[in-house]
Amino acid sequence: MALMTSMRNRMHAVLWAVLALFILSMTVGGLVGGADILDQIFNRTDPSKVIARINDQDVSPQYFNQLVSQNLDNVRANGQQITDKNLEQARKQAWDNLVQELLIAQEVKELGLTASDEEVVFHLQNNPPLFLQNNPNFMTNGQFDFVKYQEAIHNPQGNEWAPIESFMKTNYLPNYKLQQFLTASVVVTPGDVETEYARSNINYTINGIHVTRKAVSEEIEKPTAEEIQSYYKKNKSDFERGPLRNMRIVAWEKQASNEDTVRMADLATKIIKQVKAGEDFGALAAEYSQDPGSQNIGGELGWFEKGRMVKPFEEAAFGAKKGEFVGPVKSRFGYHIIHVKDKKTENGKEQVNAAHILLKFDISAMTLDNLKQASTLFSYDAQDNGFSAAIDSHKVEPIVATSIKEDASFLPNIGSLRSAIRFAFNNPVGSVSTVFETDQHFVVAVTDSAIEAGIAPMVDVEADIIRILSTEKEDAIAKEKAGDILIEATTVGSFTKVLNDQKAYEPITNDSKPLGRGFNSIGRSHSMIGALLVAKPGDLVGPVETPRGYAVVELLQVAEFDSADFAVQKEKIYSDLLTKKQNQFFQSWLGELKRNAEIVDNRKYYF
């Protein structure tokens with residue numbers, strides 16, 4: 001069998017999809033292209049043809065939808081159902097990847113980075129990409145087998161390497177060169193390696209006093225109206241916001257009706273009669289059970305102790321005799337028919353070996369139709385007579401959703417419902433929607449009011465300002481109190497005495513651990529790590545800022561540096577640090593690229 005055919009059949013679906021995506025990107029033609037010259041001049045886009053413009057490069061909605069579909073295929077390949085949340089995540093991932101890939105491709109072109117045929121051959125032979133190293137065809141016992149790979153390289157069965165060579169030349173190697181160009185200045189010094197080893201392996205022992213914001217919160221003066229007003233005026237740019245909508249929503253949850261529950265109870269009663277009459281429990285589990293973990297193995301749950309199952313199930317199973325059939329037992333999952341196969345006591349704990357048939361409280365098609373009909377009638381009445389009048393006549397409770405952003409996806413108590421948000425922004429105030437459907441609800445919405453883009457009025461952000469100012473005041477007092485503790489300890493000559501005498505703040509006593517793990521009360525603090533790395537046993541350190549306030553610590557002891565262990569770990573620490581720094585540098589560069597790019601986002605017209 002040719003190599004590429006074998007790769008398609010045996011390679012992980014996700015890995016092949018990655019390669020296919022790159023190959024697709026080279027052949028889509030007009031799906032991603034340059035913008036019309038007049039459109040460039042006037043910086044305009046036609047949303048019906050262009051879903052995105054990244055600098056001067058247009059992206060068609062068809063191409064974007066292909067990217068979304070590939071993400072959804074990956075979700076299905078992992079055995080998941082496509083939910084509203086998955087769909088939103090797939091769209092977001094497609095957008096993020098699209099922007100990143102186009103910006104990088106534009107930089108590659110700008111820098112004139114290309115690859116020769118000789119470079120392609122060299123890298124394929126000596127430095128194969130990860131997607132090839134991870135191909136099962138080139139593995140032995142789960143590890144990349146370079147010899148097996150070389151045999152495939154030197155013994156092609158046809159032109160199976162052609163698409164890979166094309167991908168390497170047009171995408172992989174130019175991007176690889178860009179990465180090398182960007183990260184050439186990233187350096188990891190021997191000191192960096194030693195410091196990282198110390199952070200993770202050397203125990204530091206401290207005493208400390210942690211003055212938290214919470215401990216001093218009663219001592220601060222509440223922000224005055226003048227302080228709030230002043231902060232608002234000085235920081236108005238922080239309160240810029242896009243357009244907002246206020247909505248009301250009525251939702252009909254897709255829950256099983258009483259009739260559905262009675263129907264399921266009747267079926268459960270029928271099944272328990274069948275098993276007691278001698279019918280095969282495993283066969284009935286395969287036919288009726290809705291527990292995917294046990295349905296096809298005779299309903300088997302294995303051995304379990306008390307506390308492992310929901311209460312009604314546990315009480316029924318442990319209360320039954322060996323060999324007994326019990327049920328129907330109602331739990332929050334549905335109705336259970338239980339077969340207690342065996343019982344024993346081990347290490348003083350009673351255990352049961354059981355199998356079950358689960359009938360979930362599933363909603364029937366008739367109930368779904370009734371809910372759909374109720375929501376549709378409500379929508380008609382609300383459009384004819386007004387939303388408030390329909391609420392009264394249908395005796396339903398609305399959900400109030402305020403300050404909804406244009407790019408939002410979620411509504412309170414509903415979850416992902418992008419279509420309702422699009423409706424609110426694309427229709428006049430007072431408009432009543434038709435019925436929207438999610439995985440869990442039927443929904444009708446009305447747009448109550450619109451708030452134009454601009455600076456948020458102070459009344460809307462006053463609570464945020466009060467929180468910011470209060471935190472600043474608490475930090476100032478916590479720092480001052482910690483400074484007083486440092487002075488007192490220095491004056492009396494004993495930090496231990498001050499630690500034992502004080503009761504107002506959180507004590508830290510003889511706490512010993514590597515710096516990277518974070519000390520008791522303090523948690524992880526880069527400031528504390530930096531201060532302790534340059535301190536010596538006996539030093540008082542502080543006040544040092546922490547995530548919750550300020551701390552003063554006494555460094556009691558530093559464990560010895562284990563040179564032999566360091567020699568073992570040094571190479572890996574260096575490699576991990578280099579990779580980390582390179583990724584940080586790349587992300588910083590990419591962030592700057594995004595900030596300086598001209599990006600037109602027309603997704604709101606589609607989703």
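Side-chain atoms are counted along with the backbone in the values below, which use heavy atoms only and exclude waters and symmetry mates.
- Considering NE2 of His441 and CG of Asn413, their distance stands at 7.5 Å, rounded to 0.5 Å.
- In this structure, Tyr172 has its ring center at least 6.0 angstrom away from the ring center of His123.
- The two residues Leu411 and Ala401 come nearest to each other via the heavy atoms CD2-CB, 4.3 Å.
- In summary, the side chains of Thr367 and Ser364 do present a donor paired with an acceptor at a separation below 3.5 Å, with no hydrogens or angles considered.
- A donor and an acceptor atom, one from each side chain of Thr261 and Asn258, are nowhere located under 3.5 Å apart.
- Looking at Lys321 and Glu324, no side-chain N of the basic residue comes within less than 4.0 Å of a carboxylate O on the acidic one, giving no salt bridge.
- Under the 4.0 Å criterion applied to side-chain N and carboxylate O atoms, Glu314 and Lys306 are not assigned as salt-bridge partners.
- Ion pairing of Arg603 with Asp601 is present here, as a side-chain N (NZ or NE/NH1/NH2) and a carboxylate O approach within less than 4.0 Å.
- Residues Lys372 and Phe442 share a closest heavy-atom pair of CD-CE2, 3.5 Å.
- From Gln274, atom CD reaches atom CD1 of Ile357 across 8.5 Å, with rounding to the nearest 0.5 Å.
- Annotation: cation-pi pair Lys360/Phe333 absent, no NZ/CZ under 6.0 Å from the ring centroid and within 45° of its normal.
- In this structure, CG in Asn175 is found 11.5 Å from CE in Met168, a value given to the nearest 0.5 Å.
- No salt bridge links Glu305 with Arg308; every basic N to acidic carboxylate O contact stays at or beyond 4.0 Å.
- To the nearest 0.5 Å, atom CG of residue Asn97 and atom CG of residue Asn71 are 6.5 Å apart.
- Asp576 and Lys572 are joined by a salt bridge, as a carboxylate oxygen and a charged side-chain nitrogen come within less than 4.0 angstrom of each other.
- Ionic pairing of Asp73 and Arg76 is present here: one or more N-O contacts between side-chain nitrogen and carboxylate oxygen are shorter than 4.0 angstrom.
- Side-chain contact check for Asn583 and Gln587: no donor-acceptor pair (N or O, by modelled atom type) lies under 3.5 Å.
- Look at Arg245 and Glu406 and you find no salt bridge, because none of the NZ, NE, NH1 or NH2 atoms lies under 4.0 Å from a carboxylate O.
- Salt bridge status for Glu88 with Lys85: absent, with no side-chain N to carboxylate O gap under 4.0 Å.
- One distance of note links OH of Tyr380 with CG of Asn385; it measures 14.0 Å at 0.5 Å rounding.
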